[in-house]
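These notes concern the structure reproduced below.
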Amino acid sequence: MAGIRNPLTMSAETVSKYLDMRELIDVVERSLGDLSDKESSGIEQPVRTFVPVKKYQSLLGVMPGYSAKDDALATKLVSVCPQNAGTDIPTHLATILLFEPSNGCLKAIMDGEVITTMRTAAASAAATKYLARDDSKILAIIGAGHQARSHIQALSLLYDFTEVRIWSRTKATATALAHEFGARVCESAEEAVKDADIICTVTFSATPVLQGEWVKAGAHVNAVGACIASSRELSESLTRDAIVYVDSREGALKESGDIIINKAEIYAEVGEVILGRKEAFKHKTTVFISLGVAIEDVVSAKLVYDKYVASQGMQ
Ligand SMILES: NC(=O)C1=CN([C@@H]2O[C@H](COP(=O)(O)OP(=O)(O)OC[C@H]3O[C@@H](n4cnc5c(N)ncnc54)[C@H](O)[C@@H]3O)[C@@H](O)[C@H]2O)C=CC1
Ligand SMILES: O=C([O-])C1=[NH+]CCC1
């Protein structure tokens, strides 16, 4: 069997070669459904551990998970270093260790940055498919980093947008990203989200970048950037008035400032909607709070590994 005592090493370039966003959206969608049905899927996923590195205002996240249904076992190690912004080092650095569940051997050490960037957008796209209106035409993105780019890529596969708008506190990065996609740079977040059908907040902000009063009734919001209990991207009025979905209820109650600080009520995990156990409310204002869950990385890493092994004619 490949890599039993000699794990494969897979670079970001190799991982990218085997990841297709359309396929990933389907795979991640299924994993979110499975996460909401642990009895059948046999998912084991403790809420991740974040080790604060206060001296550098950064975090090390440890994200293990197992899916019995996929027979996939992996852990991601992710450094979150906002202070790297503007340097040659990315703000998120990640490695995924993929194991053979039957004997515990390490099968692969793979780059986790590409997977993190793409699977997060795939999760938002999967949620959006259920929660946004099918005729959505205007996409607004708040933030202009890696997640901003991958969210435009993923959502553009599902919707025929007539307009994509970007606002970021650093205008130069918003302008560069807008140039890639023929999007419009806005002078304020309020201008960007006016009448937008789908809004994504993908910033490092610790305080709200999106106010409820700016959001059109019936819009869908993917709130992706606030992943620790002391940070939030959404105003209290928005989480109070919208129907709030999360990726993991357990994770959100521990990690989401948008839930904890705003004292927001969680209506459902998006997986429960995918399974048809909870309503989608496509025509009401909806919010998907994405924290990122290990199982998304586990299934993505297995997908990459299996495709790589097949392409090499390995067992
Ligand atoms: N939910 C999930 O599964 C995941 C969430 N994330 C989170 O998404 C966010 C964006 O990640 P990336 O795009 O990879 O980072 P990035 O470093 O590539 O981009 C960050 C963006 O946030 C903006 N920003 C930074 N501080 C800000 C502030 N105080 N107010 C407003 N904007 C600010 C920057 O100008 C930049 O446009 C981060 O908070 C990250 O931790 C990242 C990976 C997975
Ligand atoms: O799920 C993930 O990988 C992360 N969520 C927040 C920072 C990284």
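Because the structure is predicted, anything quoted here is derived from the model rather than measured. Heavy atoms only: backbone and side chains are in, while hydrogens, waters and symmetry mates are out. Both ligands and their constituent atoms are indexed starting at 1 by order of listing. Here, residue 1 is the first one in the sequence, and each next residue gets the next number.
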For ligand 1, note which part of [X] has a heavy atom under 4.0 Å away: side chain, backbone, both or neither.
{"X": "A123", "value": "neither"}
{"X": "H146", "value": "both"}
{"X": "R169", "value": "side chain"}
{"X": "S290", "value": "both"}
{"X": "T203", "value": "both"}
{"X": "V202", "value": "backbone"}

contact_flag [X] ligand 1 heavy-atom lt 4.0 Å:
{"X": "E296", "result": "no"}
{"X": "A85", "result": "no"}
{"X": "T116", "result": "yes"}

### Message
At less than 4.0 angstrom from any non-hydrogen atom of S205, what atoms of ligand 1 do you find?
### Response
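Counting atoms of ligand 1 from 1, those under 4.0 Å from S205 are 27 (C), 28 (C), 29 (N), 30 (N), 31 (C).
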
### Task
Identify, by atom number and element, the atoms of ligand 1 in contact range of G143, meaning under 4.0 Å from any of its heavy atoms.
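This gives 37 (O) as the contact atoms.
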
Under 3.5 Å between some N or O of ligand 2 and some N or O of [X]?
{"X": "H92", "value": "no"}
{"X": "D297", "value": "no"}
{"X": "T116", "value": "no"}
{"X": "V78", "value": "no"}

### Message
Within 45 degrees of the ring normal and closer than 6.0 Å to the centroid, is that where the cationic atom of K278 sits relative to Y267?
### Response
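Yes - K278 lies over the ring of Y267, closer than 6.0 Å to its centre and within 45° of its axis.
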
### Query
Nearest to atom 8 (O) of ligand 1, what protein heavy atom do you find, and at what distance?
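Atom 8 (O) of ligand 1 sits closest to the protein heavy atom G225 CA, 3.5 Å.
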
### Message
Please check whether G292 reaches ligand 1 - meaning an N/O of the residue sits under 3.5 Å from an N/O of the ligand, judged on distance alone.
### Response
yes

### Task
Decide, yes or no, whether a salt bridge links R119 with E296 under the criterion of side-chain N to carboxylate O below 4.0 Å.
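Salt bridge: yes.
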
### Query
So does D26 pair up with R22, basic N to acidic O under 4.0 Å?
no

### Message
Less than 4.0 Å is my threshold; does some heavy atom of M63 fall inside it relative to ligand 2?
### Response
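M63: in contact with ligand 2 (<4.0 Å).
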
